[in-house]
Amino acid sequence: MYFSRLRPRPGAEKSPDFWRALGDGYQLHQLLWSHFGDAPERKRDFIYRVEMTSGLPTFYVVSARPPRSSEGPLSVECKDYDPRIEEGRSFLFSLKANPVVSKRDEDDRQHRHDVVMEAKQKLRAADPGNEAAFTAGLIQEAGAAWLEERMERSGFMIKPEEIRVDGYRQHVYQKPKARGAVRFSTLDFHGRLRVTDAGRFKETLYLGLGPAKAYGCGLLLIRRA
């Protein structure tokens, strides 16, 4: 596996073409895909996260193949990614995820629901009119519960007091020639985790957590505690 950082080349922000290439989240994905899409039938084999600093993007990518360098607006830094993972070891982590819960309707069709909106609807049903309760506390509780449900099978454990959940955002992207828009939400997770299963945890680092990976969700970034 490979870990890469792609950043705008010096002076790229002076070009109108650069800003057109950024566009919205879908166009950001296309800009990144230009470094991996070497054939029309190629399927995505990478996860990524984009961080905006002073209005410019930095992409962090974990991939099965190294990204291709090009004459485009992004410079590429790449290294082998084979982190040393041991059970019982602690890491500080950062994660941007699309936390959803799956439910079936009356026709047994499965739908995904935003966990924060789901929690808000339950709160309204239990206590109508209590909008004051829709606070950072609700976001923290709903997000932490979503992550805790995935800890065991993802190879790690987190104590409730060692996780912070915030940055709730709803995203709407219009794909070219598509009838409907792409809609999803994100939460930011930060804290400390302890590895309980080295193999599963390494797989989580390589494959990510949750859906919407094509739009920059799911990459778990870690550093030594």
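Just the heavy atoms: all of them, side chains too, but no hydrogens, waters or symmetry mates, feed the values below.
With contacts defined as side-chain heavy-atom distances shorter than 4.5 Å, the pair L95/L219 does not qualify. In this structure the side chain of L74 never reaches within 4.5 angstrom of the side chain of R7, judged on heavy atoms. Side-chain contact check for Y168 versus M117: some heavy-atom pair is nearer than 4.5 Å.
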Expected list for residues 202-213: side-chain donor-acceptor pairs under 3.5 angstrom, two or more places apart:
from, atom 1, to, atom 2, distance (Å)
K202, NZ, D82, OD1, 2.5
K202, NZ, P83, O, 3.4
T204, OG1, S154, O, 3.0
T204, OG1, R200, O, 3.0
Y206, OH, Y81, O, 3.3
K213, NZ, G210, O, 2.3

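Judged by distance alone, the side chain of W146 and the main-chain N or O of V100 form a donor-acceptor pair under 3.5 Å. T186 places no side-chain N or O within donor-acceptor distance of the main-chain N or O of N98, the cut-off being under 3.5 Å. The backbone N or O of F36 sits less than 3.5 Å from a side-chain atom of R65, completing a donor-acceptor pair. Proximity of a side-chain donor or acceptor of H190 to a complementary backbone N or O of R164 within less than 3.5 Å is not detected. When atom types are taken as modelled, the side chain of E87 and the backbone of V195 share no donor-acceptor pair closer than 3.5 angstrom. Checking side-chain atoms of S34 against main-chain N and O of L31 turns up a donor-acceptor pair under 3.5 Å.
Aromatic pair F184/Y173: centroids less than 6.0 angstrom apart. A centroid separation of 6.0 Å or more is found between the aromatic rings of Y60 and Y48.
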Salt bridge (Lys or Arg N to Asp or Glu O under 4.0 Å) between R84 and E86: does it pass, once the steps are laid out? CA-CA 7 Å; R84 182 180 177 183; E86 299 171 345; 2.9 Å; yes

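Residues that satisfy the salt bridge (Lys or Arg N to Asp or Glu O under 4.0 Å) test with R9, not counting sequence neighbours, are absent from this structure. When the side-chain contact (heavy atoms from CB on, under 4.5 Å) test is applied to R194, the partners found at least two apart in sequence or on another chain are S90, M157, T196.
Donor-acceptor pairing under 3.5 Å is lacking for the side chains of H171 and S185.
For E152, the CD atom is loosely surrounded, since the number of other residues' heavy atoms within 6.0 Å does not exceed 12.
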